[in-house]
Amino acid sequence: MKSLLRIQAIFYKELTQLSRDRMTFGMVIMIPLIELMLFGYAINTNIRDIPVGVVDHSQTSLSRVLTQTISATKVVTFTEQFINIKEAQAAIASARIRAVFIIPSDVEKRMVRHQSVGLESHPSSDEETSRPIGQWIIDGSDTMIASAIKGLRTMPLTELMSQPANRNTPTFEMTLLYNPEQRTVVNIVPGLVGVILTMTMIMFTSAAIVRERERGNLEMLITTPIHPMELMIGKIIPYIFIGALQVIIILGLGHFIFNTPINGDLGDLAAITLLFILASLTLGLVLSTIAQTQLQSMQMTVFILMPSILLSGFMFPYEGMPEAAQYIAEALPATHYMRLVRGVVLRDVEIFDMAPDITWLALFTIGGLIAASLRFKKRLD
Amino acid sequence: MSQYAIQATQLSRHFGDLKAINELDLQVKKGSIYGFLGPNGCGKTTAIRMLTGLLKPTSGEIDVLGYKLPQDSAKLRFLIGYMTQKFSLYDDLTVKENLKFIAKIYGLSHREQTQRITELLGIYGLDNKVNQLAGKMSGGQRQRLALAAATLHKPELLFLDEPTSAVDPENRRDFWETLFDLCNHGTTILVSTHYMDEAERCHKLAILEDGIKRADGTPDELMNNMGAHVIEVDTDSPRQLKQQLVALPDVITAAQLGSRLRVLIKNSVSEPIEFLTQQPSILPTNALEIVRPSLEDVFVTCTGEGRQ
Ligand SMILES: Nc1ncnc2c1ncn2[C@@H]1O[C@H](COP(=O)(O)OP(=O)(O)OP(=O)(O)O)[C@@H](O)[C@H]1O
Ligand SMILES: [Mg+2]
C-alpha cells in the first residue's frame with residue numbers, strides 16, 4: 001500500500017516535470033512525425049529517374065527511339081548527350097550522371113538480329129545474334145542504383161519494332177503476398193515504430209537517474225525510505241504513455257498519409273508494443289545506473305540505437321547478415337519487436353505463433369528491472 | 001536506551017590518498033544541538049554522509065539511534081532527516097508539489113499530507129509561496145523549504161549541512177529559533193557550519209580540520225580551556241605591530257580589529273601582559289587588556305598556523 005503510494009509519488013513527479021519541460025515534450029511529438037516523413041518519402045528502394053547520359057555513335061532515328069523506349073521504363077532519365085566516352089566518364093566521375101548508355105554505330109544491324117526485338121528467332125548460340133545492342137557504363141559504387149540499372153539488362157524491345165509482345169511463358173509463377181505493389185513504405189512504417197521507440201524510450205530513461213544525480217536530487221532521494229524497485233517502476237510508467245502516443249502517431253499517420261495497412265488485431269498490436277516499450281525502458285534504466293553524466297547516457301543511447309537500426313531487420317534483412325551480426329541482433333529488443341510488429345501489422349499473424357520473441361522481450365524486461373534495481377545502490381559511493 | 005543519538009568511534013573515510021575523515025570519535029547526546037565547525041573541505045559533509053548511511057566508512061564504527069551503520073541504514077530512514085548542503089529538492093516543482101512528493105514518499109495518508117503540509121507552510125512562513133517553483137525562490141526561502149521537507153516526517157534526528165550558507169543574519173536568527181523549537185520538542189540536531197556565531201549557539205561542538213577533530217566540548221568549555229591568552233592592544237600602527245609580534249615564537253596569531261590588535265599568546269607564557277610590555281615594539285602608551293576568549297580565538301588556536 002505504502003509502496004503503491006511511493007510509486008504514484010514518483011510517477012506524478014515525473015509527469016509534472018515532463019509537462020514543464022516543453023523541449024522534451026515537443027520532441028516526443030516531433031521525433032515520430034519527422035522520422036515518419038523522412039523514411040516515408042525519402043527512403044525508397046524502388047529507385048526511379050536516375051540521371052544518365054548517352055553517347056550516340058549511330059545518330060539514327062532508331063537510336064533516338066531506343067533512348068525513348070528506355071526512358072519510358074522510368075528507371076532512368078537521359079539528361080545529357082556526349083560526343084565520346086571519355087567525356088561521359090568525366091560526367092560520371094563528377095556525379096552529374098550515374099551511368100552512360102553507349103549506342104554503337106551499327107545499332108540497326110545489331111537490333112534486327114537481336115532476339116529481344118523478336119523479329120526472327122535465331123538460335124542463341126549464334127555468334128552474331130548474341131551481340132548486345134548497346135552498352136551501359138555504370139557508377140557501381142552505389143549498389144542500389146547499379147542494380148536498378150542492371151535491371152534493364154534484358155529489357156524487351158518488342159514495342160520498338162511495333163511487334164506484338166513476346167508471350168514467353170515465365171519459368172516461375174510469382175505471387176507477392178502482403179505488399180503486392182512492392183512499396184517500400186509498407187515495410188518501413190511498422191519497422192519505424194520499433195526504431196523510434198528504441199530511440200526515445202531509451203533516451204528518456206537513460207537520463208532518468210543520471211539527471212537526479214547531476215542535479216543533486218539523488219542525495220535527498222536516497223535518504224528517504226523509497227525502495228529502488230519503487231523508484232524504477234515509478235520512473236517508467238509515464239513513458240509508457242508517451243511510447244503509446246508515439247505508436248499511435250506513427251501507425252495512424254502512416255495509415256492516412258502512406259496508406260500502409262494495419263491488417264492485424266489492434267489488441268495484439270497493443271500487447272506486443274507495450275512489451276517492447278517496457279523492454280526499452282528498462283534497458284534505458286540500466287544504462288542510467290551505469291552512466292555518470294547525462295552526456296554519457298546520451299552516448300550509450302546512440303551506442304544501442306545504431307545496431308538497433310542496422311541489425312534489427314529494419315533496413316537490411318536479418319537473413320542476409322553474417323552469423324556474428326545475427327547473434328548481436330538477437331540480443332537487441334528491437335530485432336524481436338521488428339518481427340512481431342511486422343507480423344501483426346502486415347501479416348495478421350497469431351501472436352502465439354511468435355511466442356519466442358514475446359518470451360524474450362518479457363524476460364528482458366524482468367531481467368532489466370532487477371538489474372537496474374540491484375545496480376541502483378542507496379548510497380553515494 | 002542509550003543517552004546518545006550518535007556514537008562514532010575511530011571513524012575514517014579515505015578518498016584515494018586523501019583522508020577526508022581521520023579517526024573521528026563522536027558522541028551526540030539525545031535532544032541536543034551538536035555543531036561541526038570547520039573550514040571548507042575539512043570533511044563536514046563527508047562525516048554527515050557517513051552518519052546518514054550514504055557513504056561507507058573506510059573504517060570505524062557508527063551507531064545511530066541504536067542502529068549500526070552502514071548495515072542498518074534502511075531501518076533509519078524514517079527516523080532521520082537530512083538537509084543537504086546543496087538544495088536537493090526539485091527546482092521544477094512548486095513548494096507544495098515538493099512537500100507533497102516527500103509526504104507521499106514517507107507514506108502519509110491523504111489527510112495527514114494536507115494537515116502536515118499546511119502546518120509546515122505556517123511554521124516556515126511559506127504560506128504565500130505555495131505555488132512558486134522552488135528554483136525561482138530566494139536562498140533563504142529555499143532553505144526554509146528544505147528544512148520543512150527534512151522535518152516533514154518528524155524525525156528524531158536531524159542532520160543539517162551548512163543550512164544557512166545563503167542566508168542573511170536576520171533570517172539566520174529566525175532559522176535558529178526554529179531549530180531551538182525543534183530541539184525543545186525532543187529532536188536531536190547535528191549541524192555543520194563555518195560561522196562562529198552559529199557554532200556558539202550549539203550545545204556542543206567539534207572543531208574539524210583536514211578530517212581531524214581538533215577540539216570538542218561546549219562553547220564555554222572550549223573558550224575556557226583554550227591553550228592561550230587573549231590580549232587586546234590599543235595602537236596607532238597596528239599593522240607594523242602585528243608583523244613584529246607574530247614573528248615571536250610565543251605569539252600564536254595577531255588579528256587587527258580596527259585600531260586594536262587582538263594577540264593570542266601561548267599558555268606557556270604565565271604573565272602575558274608582562275611578556276608583551278617587555279617587547280621593544282610595544283610602546284608604554286599602548287593600553288593592554290586581557291579579554292575573554294571568543295570562539296574564533298579557539299578556532300584559530302587549534303587550527304591552521306596557530307596549531308603546533
Ligand atoms: N566523492 C569524493 N571523491 C573524492 N574526494 C572527495 C569526495 N567527496 C569529498 N572529497 C574530498 O574530501 C574532502 C572533504 O570534503 P567535504 O565535502 O566533506 O568537505 P566540507 O567540510 O563539507 O567542505 P565545505 O565546507 O566546502 O562543504 C575534500 O578535500 C574533498 O575534496
Ligand atoms: Mg560540505
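In this text, all values refer to a predicted model and were calculated from it rather than measured experimentally. All chains are named by letter (A, B, ...) in the order of the sequence lines, taking the proteins before the strands, and each is independently numbered beginning at 1.
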- Query: Given a strict heavy-atom distance threshold of 4.5 Å, which part of B:Lys56 is in contact with chain A: side chain, backbone, both, or neither?
  - Reply: both
- Task: Classify the ring geometry between B:Trp176 and B:Phe180 as parallel (under 30°), tilted (30 to 60°) or perpendicular (over 60°).
- Result: tilted
- B:Ser73, part contacting chain A, at a heavy-atom distance under 4.5 Å: neither
- Message: So which residue, B:Thr84, B:Thr52, B:Asp91, B:Asn98, ends up with the most heavy-atom pairs under 4.5 Å with chain A?
- Response: B:Thr84
- Item | Region of B:Leu76 in contact with chain A, defined by heavy-atom distances below 4.5 Å | neither
- Message: Can you tell me which portion of B:Gln85 sits under 4.5 Å from chain A's heavy atoms? Options are side chain, backbone, both or neither.
- Response: neither
- Message: Does this structure show an ion pair linking A:Lys13 with B:Glu97, if we count only N-O contacts that are shorter than 4.0 Å?
- Response: no
- Item | Under 3.5 Å side-chain donor-acceptor pair for A:Gln246 and A:Thr200 | yes
- Region of A:Ile7 that comes under 4.5 Å of a non-hydrogen atom in chain B: neither
- Top residue by heavy-atom pair count (under 4.5 Å) with chain B, among A:Arg6, A:Glu219, A:Glu230, A:His227? A:Glu219
- Message: Under 4.5 Å from any heavy atom of chain B, what part of A:Arg215 do you find: side chain, backbone, both or neither?
- Response: both
- Message: Can you see whether A:Thr198 engages A:Tyr337 through a side-chain donor-acceptor pair at a distance of less than 3.5 angstrom?
- Response: no
- Using distance alone, with no hydrogens and no angle criterion, decide if B:Glu61 and B:Gln10 have a side-chain donor and acceptor under 3.5 Å apart. no
- Please determine, among B:Tyr106, B:Phe159, B:Phe87, B:Phe78, the option with the most heavy-atom pairs under 4.5 Å with chain A. B:Tyr106
- Query: Side chains of B:Thr9 and B:Asp25: is there a donor and an acceptor less than 3.5 Å apart?
  - Reply: no
- Classify the ring geometry between B:Phe101 and B:Tyr90 as parallel (under 30°), tilted (30 to 60°) or perpendicular (over 60°). perpendicular
